[in-house]
Each structure stands twice: as structure tokens, then as C-alpha cells.
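From a predicted model like this one, the values you see are computed outputs, not experimental measurements. In what follows, every chain begins at residue 1, and chains take the letters A, B, ... in the order their sequences are listed.
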Amino acid sequence: MARTRFAPSPTGYLHIGGVRTALFNWLFARQQGGKFLLRIDDTDAQRNVEEALAPILHGLKWVGLTWDEGPEVDGPHGPYYQSQKNARYQEAVRTLLDRGLAYWDYATPEETKAERDAADREKRQFVYSRRWMAKTPPERARFEAEGRQAVVRLEMPRTGKCEFRDHIRGDVSFDWAREQDHVIQRVDGTCLYHLANVVDDFDMKITHVIRAEEHLSNTPRQIFMIDGLGYSRPEYAHLPFVAEPGSQNKLSKRKIPQYLKNPAFKRLYDHGKSIADRMGLQTSADTFNPVIVDFYEQVGYLADAVVNYLLLLGWAYDDRREEFTRQEMIDLFTLERVNKAPASFDPDKLWAFQDRAMRKVPVPEKVAKCLPFLQRAGLVPEPAPDAIRDRLARIIEAARDRSSSSGCASRRRPARCCRSSASASPTPRSSMRRPSTS
RNA sequence: GGCCCCGUCGUCUAGAGGCCCAGGACACAGCCCUUUCAAGGCUGCGACACGGGUUCGAAUCCCGUCGGGGUCACCA
């Protein structure tokens with residue numbers, strides 16, 4: 001049975017690219033009749049894991065990517081937080097040590113850095129001298145007598161190649177000699193990401209590792225541990241990045257000012273901001289940001305439209321079909337059809353999906369969807385009187401095409417939207433605009 | 001810089017040697033429909049990074065170049 005996972009670290013927000021990674025994992029698991037798990041990669045002990053995790057769980061729920069095992073639902077292969085598994089990781093480290101695949105290293109960070117710098121200066125590849133390597137108790141005792149403390153490093157091969165198959169990239173190979181003796185356990189005994197990752201994937205019986213391309217070059221060291229620990233290798237699929245509008249750079253939540261120079265991105269942002277302002281929402285870049293999924297929920301997008309758009313970022317079914325229901329996505333998705341090149345985020349196209357999807361929403365549902373927005377904006381009293389509901393329904397009914405097309409593709413549309421959502425008078429006109437985007 | 005990955009219209013993509021002087025979608029322009037604005041319909045603009053091969057034939061295979069990205073932590 002296929003088991004996939006999405007393993008975010010608790011950063012306090014859910015990146016749109018992360019949603020896509022989660023989506024692909026979810027689709028694959030659902031299609032195979034397998035399980036989709038959520039695991040929290042918090043080996044780097046943080047104080048407010050709970051607080052930093054909440055937005056991520058919330059975002060996944062909003063887009064409907066439910067997990068079968070993980071936080072809140074738990075499961076038979078927990079815990080699903082890496083911070084709770086250090087003993088288990090140390091056990092794996094011991095195994096690697098026992099098998100001679102890892103060693104105690106007594107170099108200080110300064111000494112390691114000095115070697116690295118020297119290699120840099122001489123323009124050669126850095127290879128650790130293993131000068132402070134200790135593999136036997138006497139060696140350890142000697143270094144410890146000097147007052148040194150040890151980390152555990154992998155003793156990586158220095159010849160040969162690491163080869164593996166990737167569902168998206170085909171056969172990939174790396175020279176072992178390029179790999180470093182990576183640290184897997186810190187001086188304080190806590191373990192690092194790669195080790196934890198490998199152990200968890202094994203403990204959780206993950207069969208397919210579907211993750212972003214940035215992990216492609218991390219794969220050899222993980223495979224080294226997987227093989228060393230006697231685990232079986234999962235299948236891999238390294239997804240291309242979601243790139244910035246109009247470029248190949250990885251989309252980043254910190255570059256909003258730069259993205260705002262892109263007209264389409266600016267339209268997307270301004271439209272959202274005008275709605276947020278009208279409702280008195282906080283719009284600092286940390287929370288209100290089109291690179292973060294929350295943005296779309298706050299502004300009133302349809303989760304299905306966002307998901308449908310994201311599905312097409314790096315994946316296509318054929319040369320015609322672009323709209324899919326959840327079930328169709330599940331039935332039709334294949335890793336083999338995922339593109340290799342990075343896909344840049346196109347705000348206009350996202351908007352087109354939202355617009356089209358909105359037109360299909362029945363009036364009563366639209367009323368229900370936009371009511372909370374009108375209320376937050378102070379245009380409708382909190383328990384909405386029936387008279388207002390009726391009137392709202394009639395407004396939306398009467399203006400259906402218009403309101404659904406207020407999100408249409410014309411350049412002026414967003415501007416008009418903004419104007420109307422910002423307008424204070426609860427006239428039919430102004431109140432029917434917002435629904436169109438809610 | 002080393003290594004790895006990638007390279008079809010502005011953007012997302014279809015294309016697995018002849019069906020392609022390259023198809024669809026978004027955006028853009030124009031026309032039709034329409035009391036208006038939308039929606040819808042139609043038309044247009046617009047790409048195989050470059051150079052060599054292989055082949056009767058290449059976007060598709062091979063080599064090189066160029067370009068872009070990723071990665072090289074006691075981060076994840």
C-alpha cells in the first residue's frame with residue numbers, strides 16, 4: 001500500500017509551493033488507495049511549535065488535504081513530531097556507529113571551519129581530514145582528556161557513485177566523493193534532519209517520497225543511511241519548484257515588494273488588500289501575502305479553484321483539459337506527467353480559475369459564502385435578518401453574471417472590484433461585488 | 001567555483017522521429033452578440049535557447065555551447 005507524507009517544519013505559515021507538494025502527495029496516496037501522512041519536522045527545537053504549526057494545519061484543512069495520520073488524528077506509527085523522537089534517532093545513530101558507517105568527531109566548529117576555508121582558498125573541494133575522528137574507546141578517551149566534545153558524523157564513501165531512480169527525473173547519479181561527512185548528531189545529543197528524516201520514513205513505512213527538488217542533492221546522504229540501517233529505499237519523486245512570476249527563481253514569501261513590480265501580481269495583491277482593508281484585516285507581509293495560502297482564504301477565494309490552479313503548476317493531463325473535480329484529479333494524477341522544469345506562478349491564471357469556478361456556484365451557496373465577508377465589513381448585522389438574506393440573494397441572483405465576472409480577466413476588473421468592495425454604501429452594487437470573490 | 005537538475009508562445013503546458021511550417025489555456029488585440037457592463041462565440045498576435053551531428057525525415061535521439069535554477073551547515 002502506498003504511503004506518502006508531507007513533512008513541513010513549523011514556520012508559522014503555509015507556502016503556496018508547500019500546498020502543491022502536499023497536494024501531489026495527497027493525490028498520489030488517494031489514487032493508490034493508500035495513506036497520506038503529516039509529519040512535523042521540528043528537530044531544531046523551537047519554542048512555540050504549537051503556535052507555528054497552527055497556520056499550517058489550518059491551511060491544509062482549508063484546501064481539503066486531509067491527512068490519515070499525523071497531528072490531531074495521530075496513528076499507529078507516531079509520534080509524528082520529530083522533537084519527540086530523539087531517543088529513537090540516537091538508537092539509529094548507535095547502529096550506524098556500530099556498523100562502522102559513522103564515527104565520533106571531536107573537531108571543534110572552528111577547526112572544521114578552518115579546514116573548509118583552507119580548501120576554499122586553494123580552490124579545491126573540501127574533504128574533511130578526519131583528523132579528530134575517533135572510532136575506538138581509547139581514541140575517544142584521548143580526545144576527551146583534552147576536554148573535547150563529539151558530534152557524530154557519517155563516514156561517507158570516497159569512491160563510486162550513488163545511483164537511484166526518480167519518478168520525475170529518471171536515473172540520477174552522484175559521485176560519493178562529493179558528499180561530505182555530514183553531522184547526524186549534535187554535541188548535545190540531539191539529532192539532525194537527514195537522520196531523523198530517514199528514520200521517520202522507515203518508521204512510518206513511507207513508500208514514496210514526493211518532495212521539492214531542493215532535496216534532490218540531499219538524497220545520496222539519505223540513501224547512505226537507509227542502506228546502512230538496512231532499511232529499504234522508498235521511491236523518489238522530486239518536484240520542480242514553484243517559481244516567481246516571470247522567472248525561474250523559487251517563489252519566496254519575503255520578496256513581495258519585488259513581486260509587486262509585476263503587474264499581474266500587483267493586481268492580485270491590490271484586489272486582496274482592498275477587501276482586507278474593507279474588513280479591517282491585518283495586512284502585514286507576514287500574514288497577508290499571496291505566497292501564503294491564508295491570503296486566498298481571507299480574501300474569499302474558492303479553495304477548489306486554488307487547488308485546481310496549483311494542480312496545473314507542473315502537471316498536465318493532456319492538451320485540452322484544465323478543470324478537474326477532486327475525484328477526477330485523484331483518478332487522473334500520475335507522477336510521470338509531472339514536468340521537470342520549474343513552473344512560475346501566474347496570478348492572472350489563478351484568477352481565471354477563481355472566476356470560472358465562482359460562476360458555477362449556486363446562488364444560495366454564494367449568499368452563504370459572502371455573508372461573513374459583508375458582516376466583517378460591517379455592512380450586514382451579525383445575526384443576519386432574513387430580510388437582508390433575501391435581499392442579498394436577490395441581488396446576487398439578479399447580478400449573477402456580473403458578480404461572477406467581476407473577477408474576470410479584464411485588466412480593469414480588479415480595480416473595479418476594489419472600488420466596489422471599498423465603497424461604504426450597502427447598495428446592491430457594492431454588496432454584490434464582494435460575493436463574487438468570496 | 002564543484003556537483004546536480006532544467007531549457008516549447010509573456011505565463012501554464014500538449015508533444016515520447018513523420019499526425020506539428022507545433023495544439024490548448026491564461027494574458028493581450030480586434031470582431032460578433034448585447035440598452036450598458038460582464039458572460040459567450042469567432043479571429044488575431046505569439047514559442048521548439050544556439051550550434052553541430054544521427055536519420056529519407058528531429059521540438060522529439062546524441063554531442064557541445066549558452067542560459068536559468070538548486071545544492072554544497074552541529075538549518076529544515
Side-chain angles (χ1 to χ4, degrees), chain A residues 7-11 40-44 46 82 105 107-109 112-113 116 119-120 123-127 149-153 162 166 168-170 172-180 182-194 196-197 211-221 238 240-250 262-264 267 309-323 336-337 339-353 355-356 359 399-413 416 429 436:
Chain A
S9 59
T11 51
I40 308 309
D41 282 11
D42 56 350
T43 48
D44 196 24
Q46 284 170 349
Q82 295 191 327
D105 181 48
T108 61
T112 308
K113 184 172 186 305
R116 215 180 285 276
D120 265 7
K123 291 198 165 121
R124 58 176 166 79
Q125 218 227 286
F126 166 67
V127 180
Q149 288 183 302
V151 296
V152 177
R153 284 181 188 276
C162 173
D166 185 283
I168 295 166
R169 281 150 224 288
V172 189
S173 99
F174 292 82
D175 285 332
W176 281 124
R178 304 280 165 193
E179 285 291 317
Q180 299 301 325
H182 306 282
V183 173
I184 53 177
Q185 186 179 103
R186 299 184 177 95
V187 162
D188 67 7
T190 58
C191 294
L192 265 5
Y193 171 75
H194 293 291
N197 199 275
R211 67 207 333 182
E213 187 192 322
E214 62 185 301
H215 289 292
L216 186 60
S217 49
N218 295 154
T219 307
R221 79 189 66 159
H238 287 93
F241 288 107
V242 172
E244 302 171 343
S247 107
Q248 304 286 83
N249 294 355
K250 193 163 117 185
N262 174 298
R267 256 174 268 146
Y309 171 69
L310 254 19
L311 171 71
L312 266 6
L313 224 42
W315 182 85
Y317 175 63
D318 62 12
D319 63 340
R320 242 137 258 267
R321 234 167 125 195
E322 293 206 320
E323 290 187 39
E336 280 63 32
R337 291 194 69 85
N339 252 295
K340 293 177 187 171
S344 85
F345 178 74
D346 181 352
D348 276 340
K349 189 144 181 171
L350 200 208
W351 183 248
F353 273 92
D355 185 35
R356 232 179 292 151
R359 257 177 259 141
R400 177 158 35 189
D401 336 353
R402 237 172 270 180
S403 81
S404 56
S405 68
S406 78
C408 92
S410 121
R411 226 158 218 240
R412 287 161 291 152
R413 177 195 355 96
R416 224 183 299 129
R429 265 196 167 280
S436 68

Check your understanding: Where the side chain of A:D175 meets the backbone of A:A177, is there a donor-acceptor pair that is under 3.5 Å apart?
Key -> no
Exercise for review: Check if the side chain of A:D355 and the base of B:A39 share a donor-acceptor pair of N or O atoms closer than 3.5 Å.
Suggested key: no
Study note, to complete from the structure: Using Watson-Crick geometry (N1-N3 plus N6-O4 or O6-N4) or G-U wobble (N1-O2, O6-N3), each under 3.5 Å, B:U55 is paired with none
Review point. Under 4.0 Å: is that the gap between some side-chain N or O of A:R211 and OP1 or OP2 of B:A76?
Key: no
Check your understanding: Which parts of nucleotides 2-10 of chain B does protein reach within less than 4.0 Å, heavy atoms only, written one letter per nucleotide 5' to 3' as B for base, S for sugar-phosphate only and - for none?
Key -> SSSSSS---
Exercise for review: For B:C20 versus B:U13, give the span between their P atoms, rounded off to a whole number of Å.
Suggested key: 23 Å
Practice item. State, without any angle test, whether A:R211 and A:H238 hold a side-chain donor-acceptor pair at a distance under 3.5 Å. Key: yes
Check your understanding: Taking for each residue the nucleotide of RNA chain B with the nearest heavy atom, is it A:F353 or A:K123 whose nucleotide lies nearer the 5' end?
Key -> A:K123
Point to revise | Strand partner of B:C28, provided both Watson-Crick or wobble distances fall under 3.5 Å | key: B:G44
Practice item. Look at the side chain of A:Y317 and the backbone N and O of A:R337, then say whether any donor-acceptor pair between them is shorter than 3.5 Å. Key: no
Point to revise | Ion pair A:R116/A:D120, N-O distance below 4.0 Å | key: no
**Study point:** Base partner of B:G64, which must satisfy Watson-Crick or wobble distances under 3.5 Å
**Key:** B:C50
Study note, to complete from the structure: With the side chain defined as heavy atoms from C-beta on, A:D348 is closest, among B:G70, B:C74, B:C26, to B:C26
Practice item. Specify whether A:H182 and A:H194 have parallel, tilted or perpendicular ring planes, treating 30° as the upper limit for parallel and 60° as the lower limit for perpendicular. Key: tilted
Review point. Which comes earlier along RNA chain B counting from the 5' end, the contact point of A:H182 or that of A:N249, where each point is its nearest nucleotide?
Key: A:N249
Practice item. Check step by step if side chain to side chain contact (heavy atoms under 4.5 Å, CB included) holds for A:R267 and A:D348. Key: CA-CA 8 Å; A:R267 256 174 268 146; A:D348 276 340; 2.9 Å; yes
**Study point:** Distance below 4.0 Å between A:R337 side-chain N/O and B:U13 OP1 or OP2
**Key:** no
Check your understanding: If we call it a pair only when both distances are under 3.5 Å in a Watson-Crick or G-U wobble match, what pairs with B:U34?
Key -> none
Point to revise | B:A59 and B:G17, which share atom name P, separated by this distance in whole Å | key: 13 Å
Point to revise | A:R221 side chain, from C-beta outward: closest of B:C72, B:C12, B:G70 | key: B:C72
Revision key, fill the gap. Mate of B:C72 across any strand shown (Watson-Crick or G-U wobble, both atom pairs under 3.5 Å) is B:G1
Exercise for review: Write down the partner of B:C20 under the Watson-Crick or G-U wobble criteria, each distance required to be under 3.5 Å.
Suggested key: none
Check your understanding: Counting side-chain heavy atoms from C-beta on, which of B:C12, B:A76, B:G69 comes nearest to A:K349?
Key -> B:C12
Point to revise | P spacing across the pair B:G53 / B:U60, given as an integer number of angstrom | key: 15 Å
Revision key, fill the gap. Out of B:G23, B:U71, B:C74, minimum distance to the side chain of A:D319 belongs to B:G23
Point to revise | Nearest-Å distance for atom pair CG/P, residues A:L350 and B:U13 | key: 14 Å
Point to revise | Sidechain-backbone polar pair: A:E179 side chain, A:F174 backbone, donor-acceptor under 3.5 Å | key: no
